[in-house]
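Keep in mind that this is a model prediction, so the values were computed, not measured. Just follow the structure's listing: the first ligand is 1, and inside any ligand the first atom is 1. The chain is numbered in sequence order, starting from 1.
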Amino acid sequence: MDQNTGSKVSEKFGDMPKEDFRKYGYEIIDWIADYFEEMENLPVLSQNEPNDLANALPKNAPELGEDFGDVIKDVDELILPAVTHWNHPNFHGLFSTSTSSVGVFGEMLTAAFDQKAMLWRTSPASTELEPIVLDWLRQMMNLPEDFKGIIYDTASVSTLHAIAMAREKLNLDIRTKGMSGRTDLPLLRIYCSEQTHSSIDKAVLLLGLGTDAIVKVPVNERFEMDTEKLREAISDDISAGHKPFCVVATIGTTSTTAVDNVKKTAEICERNDIFLHVDMAYAGSALVLPELQHHLKGIEKVDSIVTNPHKWFFTPFDLSVLYVKDLDLLKQTFSLVAEYLKVAEEVTNQMDYGIQLGRRFRSLKLWFVMRYFGQEGLRNRIREHIRLAQLFTMWVEMSENFEIMADTTFALVCFRACPKNVEDLDAFNEKLMNEINASGEAYLSHTKLNEKFTLRLSVGSIRVEERHLRKVWDLLNEKVK
Ligand SMILES: *Cc1c(COP(=O)(O)O)cnc(C)c1O
């Protein structure tokens with residue numbers, strides 16, 4: 001470290017000198033450009049062992065400021081090896097998600113503006129850009145006009161807000177009286193399928209409903225919620241004196257991307273006056289394609305929808321959108337205005353629509369993405385990912401050594417190796433996955449379907465090309481003969 005630089009910075013006031021900001025700023029842009037260009041040569045999964053990074057870092061902050069060049073050097077030497085490259089075109093685990101370059105520009109400006117969008121006056125930019133961009137996205141997905149969007153960090157948090165709305169809609173004065181110590185409250189019940197994401201469980205924990213409130217409805221052979229069983233569960237609960245208040249249906253489940261029947265579910269909810277939330281955190285992006293719009297049948301009857309542009313819309317983490325039909329109900333659920341925040345203007349104040357006071361200016365990066373690629377550019381890229389996933393599915397189907405384990409509805413392939421000479425296919429597939437992941441060449445993840453160990457290959461990186469799928473297929477076939 002350059003002691004002179006250090007003491008110089010430490011003795012002064014104010015920010016980094018502007019000439020240094022330019023120098024390092026250009027250096028960082030070059031660094032990112034090189035990273036995007038050369039990423040393919042890096043192992044997809046970090047090859048670090050646990051605590052490698054922690055043990056390499058000093059236990060105390062430096063007393064004197066350091067030369068920023070030294071900090072960048074440590075990014076190369078210490079941080080980069082500890083990074084799992086989600087942007088890598090051979091990241092096929094979980095859901096393949098990635099950022100576009102313009103998404104990075106969005107984050108840079110969001111950091112530079114450093115908005116705390118609570119009141120309109122503390123950020124007219126965020127308050128007014130957000131609904132416009134979310135309406136663009138709504139139109140692209142062809143959702144009815146009466147859905148109004150609001151941005152949160154993740155789908156887990158969007159869904160938490162939706163379930164809080166459902167609870168508020170009961171008019172049981174839980175806002176004021178809470179739920180504890182009351183004998184006048186029935187057991188509140190929420191329904192979702194066995195395949196539903198665990199964010200529902202987390203929301204229920206946090207809202208004081210308790211996990212006993214959740215009814216996990218069985219699925220059919222296509223991993224879709226069995227709506228007949230849903231209807232029965234609701235009717236049994238009503239007979240038992242419980243109060244069904246919310247159903248969560250999923251378009252594109254996390255495990256296999258199965259699609260629950262929203263239309264049938266909505267009819268059941270309508271008949272029983274139950275709030276219906278639709279989780280399409282992953283698949284929402286694909287619903288901008290006209291040929292996939294049939295999955296949205298019945299969507300006009302639902303109360304809220306979550307979709308994550310940070311998953312498959314080339315927007316850097318985090319950006320999740322909750323669309324609600326009754327924005328006033330969301331406001332009624334969360335608004336609480338302290339004296340110092342009271343304003344006279346007739347404006348939207350974003351703090352009224354959630355648990356956060358200050359909010360990041362997240363819409364900027366989505367605006368950049370939508371303007372740079374255009375609707376057609378976005379549709380083309382998503383359509384290509386689906387084509388690649390279908391192509392991989394065909395390779396699996398044509399091979400004697402592999403089999404498909406669930407429908408490829410969007411761009412996720414569920415499959416496994418099934419060579420004839422192997423008895424324990426679960427152990428074999430697990431080993432196969434671990435070997436590929438350890439090689440750093442590609443990242444696959446797994447799920448269990450009907451107790452069978454199943455490999456998951458997700459296609460979604462903005463950098464993915466057919467040759468990357470071919471590479472994974474070759475890797476698999478080298479190991480399965
Ligand atoms: C990814 C996913 C979630 C959780 O998303 P976060 O934004 O990480 O909270 C929830 N539901 C479904 C269906 C998902 O695919």
Report yes if some N/O of [X] lies less than 3.5 Å from some N/O of ligand 1; otherwise report no.
X	answer
A155	yes
S199	no
D279	yes

For [X], counting its heavy atoms only, list the atoms of ligand 1 lying under 4.0 Å from any of them.
X	value
N308	5 (O), 6 (P), 7 (O)
Y282	15 (O)
G252	13 (C)
T254	12 (C), 13 (C), 14 (C), 15 (O)

When you measure from the heavy atoms of S320 to every atom of ligand 1, does any distance fall below 4.0 Å? no
Among protein heavy atoms, which sits nearest to atom 9 (O) of ligand 1, and what does the distance come to when rounded to 0.1 Å? S156 OG, 2.6 Å
Find out whether the Lys NZ or Arg CZ of R456 is both under 6.0 angstrom from the six-membered ring centre of F95 and within 45° of the ring's axis. yes
Ring geometry between F334 and H161 (parallel below 30°, tilted from 30 to 60°, perpendicular above 60°): tilted
With respect to R360, which candidate in Q115, K116, E107 satisfies the side chain to side chain contact (heavy atoms under 4.5 Å, CB included) definition? E107
Aromatic contact between [X] and [Y], with the criterion being ring centroids under 6.0 Å apart: yes or no?
X	Y	answer
F415	F392	yes
F368	F105	no
Y282	H197	no
F453	H446	yes

Nearest option to atom 15 (O) of ligand 1, as decided by whichever heavy atom of K202, K311, H310, H197 sits closest: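 Looking at heavy atoms only, K311 sits closest to atom 15 (O) of ligand 1.
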